[in-house]
Amino acid sequence: MKYQAPRGTQDLLPEDAPRWRYVEQMFRQTCADFGYEEVRTPVFESTDLFVRAVGEHTDIVSKEMYSVSAHGSEADERRERLTLRPEGTAPALRAYLQHNLGAKSPLTRLFYVAPNFRHERPQSGRLRQHHQTGIEALGSEDPALDAEVITLGLTYLRRVGITGARLEVNSVGCPECRPVYRERLRAALESRIGTMCENCRRRYDTNPLRILDCKAEDWSVLEAVVPDLADCLCEPCAQHFAHVQAVLQVLDVPYERNPRLVRGLDYYVRTSFEIVHPQLGAQSTVLGGGRYDGLMEELGGPPTPGIGFGCGIERVLLACEALEVAFPLEAVRPVFVVTLGEAARLPGLRLLNDLRQAGIAAQADYLGRSMKAQMRAANRVGARTVLLLGENELAAGAIAVKDMETGAQESCPLSDVVGRMRGRKDEG
RNA sequence: GCGGGUGUAGCUCAGUGGUAGAGCGCCAGGUUGUGGCCCUGGAGGCCGGGGGUUCAAUUCCCCUCAUUCGCCCCA
């Protein structure tokens, strides 16, 4: 085969698309119910935007970005470097700042549905082009807003039909208290460096917080040694986290505090959360997010707190598959025009077009096949009604109307048939 | 970047050192102008690519490519 979809990408065929539409529709509906409005941003942005927002030393920026450069004219080469969007928050905030949405309203609620690109090794639940639904709530640091964002995510997943998901929350502190914790963690682990995996030894120097997230370490032993981040939070962060949990409890949202939940993007502060599903394999996070109160300033805007999440559509669908979720898929039941003989061909096309112009789903066979084959085709596309046009019907100025469920057939004047089909459509 | 699995018909997969099969799908017939179910027939495959061993390789060996699962990281 000469051409195939690039590694880590996939085609969505007609048989797949309805499930995607359904899941996206559930997300849009949930967002609408919570007062979130859609934003659509370009699929690529200035490379610098992502470097700034996500962090120069994160995996995403250091080795996973698809950067593109227009080649050709000198003018193009002078332009800034561009990168295919690796995550959704930075573009949303960029648009918020560029269009000064904060001036229109002190609290802005946005949602998006968009493809993301990361140059990683593909595996189950991880693609080079994947799709995320996500939201961003900008302009308030009210802990209740954290709870709202989390609740929206849970509501969406529940509506899609996902059961058995687990909500984990944590607080990763702020630029005030996190360095304090970082040093306490280093001190606690110092004597254990020798027993840690190669990656963690490196992390000990570069980013010790990520050691908490390592699956290779023996946590049954380390648990007792490692200080709890919650014990090191500064007073405002501790209060914030306590309030978030209090609101979750009032809302009857079941959650687990995961003291080792730290996320990989630099901009996260305070509330950090994930929704994981046990049946997803290695990539079990279906939804992840957190607060990013300093990010807007980092991008050159006014101080504007914010919180949001991203949720992988592919992972949602994997979970649905594992759970054997039954989707209520829309079924188009077209009218099918069957013609018999040359003389009926053009009048049949005319009828087909009249039906379509009247807003009635209508199909016909274009392969010049036998009546039996046309009937088979009608059955295959789920036709509810077949309109049969042959010599007898032409002579009588009529058409045979066959109900494919009952098999009953009757004659109808050709001039009445569109109106009659429209009547059936309105019935339901 | 590193490990393991798998590459045979459109799809899901059997199979053998002597150049290939099933189920489903597709097409057609069983009805001079009638679908589904059933029966019958048919089309469709350089057995991923290259090299080696052999009288002979889809089968054994090596390489390569693709794919998949995992590590890292993330949705």
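Here is how names work: the chains are called A, B, and so on, in the same order as the sequence lines, proteins then strands, and each is numbered from 1. Bear in mind that the values here come from a model prediction, so they are computed numbers and not experimental data.
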Over how many whole Å does the gap from [X] atom [atom1] to [N] atom [atom2] extend?
X	N	atom1	atom2	result
Q374(A)	U31(B)	CD	P	20 Å
R85(A)	A75(B)	CZ	P	14 Å
K372(A)	G29(B)	NZ	P	7 Å
R121(A)	G70(B)	CZ	P	13 Å

Base, sugar-phosphate alone, or nothing: which one does [X] contact when heavy atoms must sit under 4.0 Å apart?
X	value
I313(A)	nothing
Q283(A)	base
R128(A)	nothing
Q10(A)	nothing
R315(A)	base
L340(A)	base

State whether R7(A) places a side-chain N or O below 4.0 Å from either non-bridging phosphate oxygen (OP1 or OP2) of A66(B). yes
Looking only at side-chain N and O atoms, does Q409(A) come under 4.0 Å of OP1 or OP2 in U34(B)? no
Take atom CZ in R257(A); do more than 12 heavy atoms of anything else shown fall under 6.0 Å from it? yes
Hey, is E274(A) close enough to R263(A) for a salt bridge, meaning N to O under 4.0 Å? yes
